[in-house]
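Got a structure for you, questions after.
Residue numbering restarts at 1 for every chain, and letters A, B, ... go by the order of the sequence lines. All figures in this text were calculated on a predicted structure; none of them were measured in a lab.
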2 protein chains.
Amino acid sequence: MATIKDVAERAGVSVSTVSIALKRDPRVKESTRQRILEAVQSLGYRPNGIARDLKMQQTQTMAVFLHDLGGPFYSELVSGVQDVALSHGYSPIVACSVGGKGVALERLLVENRVDGAIILDPYIKEDFIRRVAGPTLPLVLLDRDIEGAYVYRVTSDHEGGAFNVTMHLLEMGHRQIAFIGGPSVSVDGQLRFRGFARAMKHFGVDLQNRLMIHGDFTEQSGYAAAVTLLSQGRLPEAIFAANDEMAIGILRAFSERSVRVPDDVALVGFDDIRLTQYTTPALTTVHQPMYELGTVATQILFRALAGEKSITPVLLETQVVIRASSGLRH
Amino acid sequence: MATIKDVAERAGVSVSTVSIALKRDPRVKESTRQRILEAVQSLGYRPNGIARDLKMQQTQTMAVFLHDLGGPFYSELVSGVQDVALSHGYSPIVACSVGGKGVALERLLVENRVDGAIILDPYIKEDFIRRVAGPTLPLVLLDRDIEGAYVYRVTSDHEGGAFNVTMHLLEMGHRQIAFIGGPSVSVDGQLRFRGFARAMKHFGVDLQNRLMIHGDFTEQSGYAAAVTLLSQGRLPEAIFAANDEMAIGILRAFSERSVRVPDDVALVGFDDIRLTQYTTPALTTVHQPMYELGTVATQILFRALAGEKSITPVLLETQVVIRASSGLRH
DNA sequence: TAATTCTATCGAAACGTTTCGATTATAGAT
DNA sequence: ATCTATAATCGAAACGTTTCGATAGAATTA
């Protein structure tokens, strides 16, 4: 691999001249630049980005960490990040935050291979985040509630969305409403429960223990929850699944057993993943502004990188999307 | 940011001693190692990965480039990559290959910030790939047909899958079959057409020009193709959409106009994305082994990295998945 | 002509590691 | 006490850039 030194030699100039010539610095004479460019060509020289990063003490790269890359709405999030990052001359890369020791999280964050990161993963330990964040590595956390220096936060209004969609169910006359929750670590799952409980209280409806079931945001856990409910003998009037994946699992369990949605039981989810438009019946859910989440988070990252100090947490609105599964004719 | 030098000073040893102590080299006495560890602690020292990469002349990082990160089946591909990469001590990162100058593709590949890459993007220029590949940067291409030094290939059997699913339609008695193709650059789209044409020929059915329509793999283009077909007055007996996204667009156009699938017209897609199970009717399609594509590609990458020279292209089998949209009762 | 300002180029240090060969301290053998 | 083998540590070079201050020559001014 040819280095800048080889180019300098071939062109008969010094290394420093090559370096500045390559960034079109007007200090170098046009004729010498040409000579240098020829040398570059003939040697197939490509600058070594790592050497550059080391010298510059920055990488112009930022990372997005996701718990599992396959999540159905992450692509929009990443688009949002991408659009803003590119306009700042940065390259976003996406990495999976799981995998244990020696993995991307270590390599990129601990060993400073990126200038900043956006993190969407309820499982990453709080003290890891606080330890690793710093003036040279601001971190923007999505849907987490961690305070710390150089740690910033953007969250969707899970509680508000959950409140609104629960109100929707209540207004349709349902009172016996089951709640299928997410894993206990996930703040967004907790907030969704809070919104649900607040709406129930608002209508003066008591929560029933047997209708509060814990899942883990997977389709299978939704399926299992449906089976649990069915085993209780009588179904509730409605079910609020804390995310769409679980709602889809529930739908599958019901369809296999000929339980009709929404006639026998109404069902709503959360997230508005693409699939919800295609299920039978289409799923009422709460839309999360994923693209906006990406752009806002990235903007905050650049403000932090620019040295801005006090950046307040951002809360983004969510929106109820009413479809057939909740029983409203439209 | 504390450097190894600071640690050395604080611990009262030389830089080199710290360096080897930190990798548990038995040459350094236990007591000094402890002293060093304390210094690391109190200074909050974190090794600088970039300096290390520069010195080592490798990054232990590989990239996966996707044309758009949102593609519905990429997550499985990436899981496959991840599983193999981790077992080799490598961190895969995912980046989007679009975005023009100064973007991830440049930064990571041209400037050698990764040790190798897997690329799934029909739009990346052939000469770029050949120019950038080299002994220090093997490239594994997915669904592309480019030959070159240090360029390796893994492909799904698009042609075979298309042949088989077309045979399925023919065996069900359909003769007038429309083909909705992908963008002309995409090799996989071309192969799917080849398989389709071969099956038609096999049954002695002529292709009709009016039934050969070009799309671009998006849902909208499928919708548009359906509209085109409808405008012709009489529908074909069956439609083969070169990917599921377009098939879904077609389905939407038909459902909006009360054209019944499969009663009025049969429909098949390609890819077996998750959505195909949930559409009404569920979509007959061809399953691509995406996870396997990821693992195989990554294994090849590591063989190349290990210096293996002649690695032959791999072809992975696809499988027809028969669901309701093609009309077969099951 | 001498002094001054540009213009074009160069040399060297620095970024933070790793590693090789050299050096010193410690112990064991003669 | 001297020599040798081993253990523990050190110093310096190298990885490939960027950039600052220096330098030499050409052009301008007095």
Side-chain angles (χ1 to χ4, degrees), chain A residues 1-37 39-40 43-61 106-108 110-115 134 136-137, chain B residues 1-37 39-40 43-61 106-108 110-115 134 136-137:
Chain A
M1 192 89 264
T3 73
I4 196 172
K5 211 166 157 185
D6 302 320
V7 174
E9 215 157 290
R10 166 81 69 122
V13 295
S14 78
V15 167
S16 41
T17 304
V18 175
S19 178
I20 59 177
L22 255 26
K23 33 184 87 62
R24 345 201 88 264
D25 186 308
R27 276 179 300 175
V28 4
K29 227 195 321 191
E30 190 49 34
S31 62
T32 36
R33 158 171 306 117
Q34 283 314 323
R35 212 149 20 93
I36 289 171
L37 256 27
V40 165
L43 291 170
Y45 167 73
R46 282 154 43 188
N48 181 320
I50 297 178
R52 166 171 239 271
D53 289 348
L54 177 61
K55 178 64 193 180
M56 298 279 105
Q57 296 284 79
Q58 54 160 319
T59 64
Q60 303 279 110
T61 302
E106 287 276 327
R107 305 185 53 69
L108 299 182
V110 179
E111 300 187 356
N112 275 297
R113 261 173 267 246
V114 293
D115 293 349
T136 60
L137 187 70
Chain B
M1 192 90 262
T3 74
I4 197 174
K5 211 165 158 187
D6 302 320
V7 174
E9 215 157 292
R10 165 81 70 123
V13 296
S14 78
V15 166
S16 42
T17 304
V18 176
S19 179
I20 59 177
L22 256 24
K23 32 184 89 61
R24 347 200 87 263
D25 187 307
R27 276 178 300 173
V28 6
K29 224 190 330 184
E30 190 50 32
S31 63
T32 36
R33 186 208 305 293
Q34 282 314 323
R35 214 151 18 96
I36 289 171
L37 256 28
V40 165
L43 291 169
Y45 168 73
R46 282 151 47 185
N48 182 321
I50 298 178
R52 164 171 242 270
D53 290 348
L54 176 60
K55 178 64 194 182
M56 300 278 98
Q57 297 284 76
Q58 54 161 320
T59 64
Q60 301 279 111
T61 301
E106 288 275 327
R107 304 185 55 67
L108 299 182
V110 179
E111 301 187 356
N112 276 296
R113 261 174 268 247
V114 294
D115 294 349
T136 60
L137 186 69

*CD1 of Ile4(B) versus C1' of dG11(D): gap in Å, rounded?*
14 Å
_Between Ala2(A) and Arg27(A), which residue's closest nucleotide on DNA chain D lies nearer the 5′ terminus?_
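It is Ala2(A), whose closest nucleotide lies nearer the 5' terminus.
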_Side chain proximity check, Asn48(B) to Met1(B), heavy atoms < 4.5 angstrom_ =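 No, side chains not in contact.
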*Should Ser16(B) be listed as having a side-chain N or O under 4.0 Å from OP1 or OP2 of dT9(D)?*
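Ser16(B) to dT9(D) OP1/OP2: no side-chain N or O under 4.0 Å.
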*Look at the side-chain N and O atoms of Thr17(B) and state whether any lies under 4.0 Å from the OP1 or OP2 oxygen of dC10(D).*
yes
*Does Thr32(A) make a side-chain N or O approach to OP1 or OP2 of dT9(C) shorter than 4.0 Å?*
yes
*Tell me: CG of Asp6(A) to P of dG16(D), nearest whole Å?*
9 Å
*Want to settle it: does Tyr45(A) or Lys29(B) sit nearer the 5' end of DNA chain D, counting the closest nucleotide to each?*
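Nearest-nucleotide comparison on DNA chain D picks Lys29(B).
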_Measuring only between side-chain heavy atoms, which start at C-beta, is Arg35(B) closer than 4.5 Å to Thr32(B)?_
yes
*asked:* Just the rounded figure in Å: distance from P of dG16(D) to CE of Met1(A).
replied: 10 Å
*Hey, what do you get for CG (Leu54(B)) to CG (Asn112(B)), rounding to the nearest 0.5 Å?*
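The CG atom of Leu54(B) sits 11.5 Å away from the CG atom of Asn112(B).
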*For Leu43(B) and dG16(C), what is the distance between atoms CG and P respectively, to the nearest whole Å?*
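Checked: the CG to P distance equals 14 Å.
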*Could you check whether Val13(A) gets within reach of a base, just the sugar-phosphate, or nothing at all, counting any heavy atom under 4.0 Å?*
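Val13(A): backbone/sugar contact only, no base atoms under 4.0 Å.
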*Calculate the interatomic distance between Ile20(B) atom CD1 and dG21(C) atom P; express it in whole Å.*
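Taking atom P of dG21(C) as the reference, CD1 of Ile20(B) is at 15 Å.
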*What does Arg33(B) touch in the nucleic acid at a heavy-atom separation under 4.0 angstrom: a base, only the sugar-phosphate, or nothing?*
nothing
*Can you find a side chain N or O atom of Gln57(B) that sits less than 4.0 Å from OP1 or OP2 on dG16(D)?*
yes
*For Gln58(B) and dT18(C), what is the distance between atoms CD and P respectively, to the nearest whole Å?*
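Rounding to the nearest Å, CD of Gln58(B) and P of dT18(C) are 13 Å apart.
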*In whole angstroms, how far is the P atom of dT18(C) from the NZ atom of Lys5(B)?*
15 Å
_Protein-nucleotide distance (Ile50(A), atom CD1; dT18(D), atom P), rounded to Å_ = 14 Å
*asked:* Counting the atoms with a prime plus P, OP1 and OP2 as sugar-phosphate, which does Thr3(A) contact under 4.0 Å by heavy atoms, base, sugar-phosphate, or nothing?
replied: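 It contacts sugar-phosphate atoms only.
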_N/O donor-acceptor pair under 3.5 Å between Arg107(A) side chain and Thr59(B) backbone_ =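 Checking the backbone N and O of Thr59(B) against the side chain of Arg107(A), a donor-acceptor pair under 3.5 Å is found.
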_Here's a test for you: under side chain to side chain contact (heavy atoms under 4.5 Å, CB included), which of Val18(B), Leu22(B), Ile36(B) qualifies with Tyr45(B)?_
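Answer to the side chain to side chain contact (heavy atoms under 4.5 Å, CB included) test with Tyr45(B) among Val18(B), Leu22(B), Ile36(B): Leu22(B).
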*N or O in side chain of Arg52(A) less than 4.0 angstrom from dG16(D) OP1/OP2*: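 Indeed not, no polar side-chain atom of Arg52(A) lies that close.
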_Side-chain N,O (Ser19(B)) to OP1/OP2 (dT18(C)) below 4.0 Å_ =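 Yes, because at least one side-chain N or O of Ser19(B) sits under 4.0 Å from OP1 or OP2 of dT18(C).
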_Nucleotide of dG11(D), dG16(D), dC10(C) approaching Lys55(A) most closely (side-chain heavy atoms)_ = dG16(D)
